[in-house]
Structures are given as structure tokens and as C-alpha cells.
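Below, chains carry the letters A, B, ... as their sequence lines are ordered, and counting in each starts from 1.
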Amino acid sequence: MADVRDALIIGKRSDGKLVQRPLSPHLQIYKPQISTATSIFHRITGCALAVGLLLMVWWLVAAATGPRAFASAQGFVGSPIGLILMFGWTLALWYHFCNGIRHLFWDAGFGFDVKTSHRNAFAVLVATVVLTVLSWVVGLAVWL
Amino acid sequence: MAPKDKLSITVRQSELGRVKGLGAARSGVHHWWMERVTSVALIPLTLWFVFSVLGMAGHPQPDIAHWVSHPLVAVLLVALIVTSFHHTQLGLQVVIDDYIHGEGTRLIVLLVMKAAVVLLGLAALLAVVKLAI
């Protein structure tokens, strides 16, 4: 026991033996890295997408209600605020989508070493931009 | 950190409790596994939904109603709604578990969140059913 803080990281193995567990990084002193950034952005975009589901529910319920209700939902999406929200929503969606696939690869045991995980973090960012731009090109081409 | 060191904690747990491997959460890997299952299902469903809707950007309500009235579209929409709302509820639960301290508050926030997600999901499902039938 080098320090009293060590007491905080005592964990218990399944056989009851006490072991030292790694402590979560203290955010104030821990150097921000692409690994930590992609991790917290996965959570932030997930929460944003949960809010975005409200829009999907509104869109579906308005379509089921009738042409007038649908036109007002559509009017909101096409308004400046609606378009900004839609841009944020598509960006969050494709980020969460791509980084989620990265998580699934990790769960299957691939790409988890430091060098590869930094590389696939970069790939996630590139894919996010590509999918977001593609979505807007398709959407605007149909809309305008 | 071996038990023989000066600082140690005594853990009282039955052999059965150890074998079951369940702690205070009273459940195992089900939550984690369902998060993965729903995320795999959401990969094709999301691609299909987003690009289908983008392909109808600016179209009036009758076009949307006609699209949903196709049985395959209605079934896929129901699958998307069930999967995405289930996934959302699982993800938000982890965020609440991590950041809301105090067992009472955590339980209340959790129940309110689950109720909201379920009600919104049911509203979306009802809309699809109404358009499809």
C-alpha cells in the first residue's frame, strides 16, 4: 500500500481474493486523446439521437393524422431551425452508426490494440463526414 | 493487494452467490447482449430508413401514406421502431446508471425515462399501423 488512495481501487475477484483494479482516469489531469474523445462522443450522440426520435415520432404521427398535420411537421423540418437540427441529427446518427460498428468489431476481438484503434477512430470520422455529405446531397437533390 | 496486507475488506458471500456471479444489479449480461443484438439489427434498418425518407424529401403526405401502405415497408418500419426504441432505452439506462447518484433518484429517473420511451414508441407504432391498414 503506497498511498491511501490505493484503498479506492481494491476490487474483488470472483473467488473472493482482493486485487488492485485500474482507476478511471481523472478527467482534470488526464490528457485528452482520440480514444477518449470518440468514446464520450458516442455517448453524447446517443443521447442526441434519443431526442431526435421525437422528430421521427412527430413525422410518423403527423403522416397518420393527415395532410395538414404532415405539412406543418414538414414545414418545421424545412425551416432554418429545422434544417440546423436535421444537420446535427444526421451528423450524430452517422457518427453513432460508424462508431457503433467499431464497437462491434472490438466486441468480436478485432482492432483493439492502440495503433489500430487510433486508425479506425480516424476511419470513423472520415466515414461520418462521407455519409453526412451523401445524405445531404441526396436529400437536397430530391427536395429542391 | 493480498488479504494478508494491513488494509483489507471482508466479503461475505455464499458459494451459490459466487457461482451465479450476480452482484447488486441482480442480472447478468442480458442488457449488454441486447444492446449488441439491437445495434446489429439497426445497421441495415437505419440505412434503409434514412435513404428511403431522404428519397421522399419534400413529398406531400399522400406519397408517405402510399409508401407506408406497402406491407414490406410497414413491417420494416415496425421492426425499426421496436429495435431503435429498445436500443435507446438500453443506452439511456447506462447513462442514468452512471451519472445519477442515490438509489431513489436513480430509480425514479429510470422509470420516467422508460415510460417516455415506451409511450413514444407505441405512438410511432400506432401511426404506422394506422397508415398501413
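- Listed options Ala64(A), Gly46(A), Gly139(A) were ranked by heavy-atom pairs under 4.5 angstrom with chain B; first place goes to Ala64(A).
- Counting heavy-atom pairs under 4.5 Å between each of Gly100(A), Gly66(A), Gly78(A) and chain B puts Gly66(A) at the top.
- Between Leu60(A) and Ala127(B) the shortest heavy-atom distance is O-CB, 3.4 Å.
- The hydrophobic cluster containing Val40(B) also contains Trp94(A), counting ILVMFWY residues as joined when their side-chain heavy atoms lie under 4.5 angstrom apart, directly or transitively.
- Residue contact with chain B, scored on non-hydrogen atoms closer than 4.5 Å, is absent for Leu144(A).
- Neither the backbone nor the side chain of Ala71(A) comes within contact range of chain B; no heavy atom of the residue lies under 4.5 Å from a heavy atom of that chain.
- Using a 4.5 Å cut-off between heavy atoms, Val50(B) touches chain A through its side chain atoms alone.
- Both Phe122(A) and Val130(A) are part of a single hydrophobic cluster, where members link through side-chain heavy atoms under 4.5 Å apart.
- Residue contact with chain A, scored on non-hydrogen atoms closer than 4.5 Å, involves the side chain of Val53(B) exclusively.
- When heavy atoms are compared at a cutoff of 4.5 Å, Leu49(A) does not approach chain B at all.
- Here the side chain of Gln74(A) pairs a donor or acceptor atom with the backbone of His59(B) at under 3.5 angstrom.
- Taken to the nearest 0.5 Å, the OG atom of Ser84(B) stands 4.5 Å off from the CE atom of Met56(A).
- Most heavy-atom pairs under 4.5 Å with chain B, from the set Val138(A), Val61(A), Leu53(A), Leu131(A): that is Leu53(A).
- With chain B as partner, the option from Leu140(A), Ile101(A), Val57(A) having the largest number of non-hydrogen pairs under 4.5 angstrom is Val57(A).
- Only the side chain of His96(A) comes within contact range of chain B, judged by heavy atoms closer than 4.5 Å.
- Contacts with chain A (heavy atom to heavy atom, under 4.5 Å) involve these residues of residues 62-81 of chain B, listed by number: Ile64(B), Trp67(B), Leu80(B), Ile81(B).
- Within the 4.5 angstrom heavy-atom criterion, no atom of Trp58(A) approaches chain B.
- Between Leu104(A) and Ile43(B), some side-chain heavy-atom pair lies under the 4.5 Å cut-off.
- For Trp136(A), no part sits under 4.5 Å from any heavy atom of chain B, backbone or side chain.
- Within residues 85-93 of chain B, the residues having any heavy atom less than 4.5 Å from a heavy atom of chain A are, in residue-number order, Phe85(B), His87(B), Thr88(B), Leu92(B).
- Scanning all heavy atoms of the two residues, the minimum distance from Leu42(B) to Phe97(A) falls at O-CE1, 4.4 Å.
- Side-chain heavy atoms closer than 4.5 Å link hydrophobic residues (I, L, V, M, F, W, Y) into clusters, and following such links, possibly through other members, connects Leu47(B) to Leu134(A).
- Shortest non-hydrogen contact noted between Cys47(A) and Val95(B) is SG-CG2, 4.1 Å.
- The nearest pair of heavy atoms linking Phe51(B) to Ser135(A) is CZ-OG, 4.1 Å.
- Grouping the Ile, Leu, Val, Met, Phe, Trp and Tyr side chains by contacts below 4.5 angstrom, directly or via other members, places Trp32(B) with Val37(B).
- Note: the hydrophobic cluster containing Phe41(A) does not contain Trp106(A) (ILVMFWY, side chain heavy atoms under 4.5 Å, direct or indirect links).
- Interface remark: Leu54(A) contributes side-chain atoms only to the contact with chain B (heavy atom separation under 4.5 Å).
- Interface remark: Thr65(A) contributes backbone atoms only to the contact with chain B (heavy atom separation under 4.5 Å).
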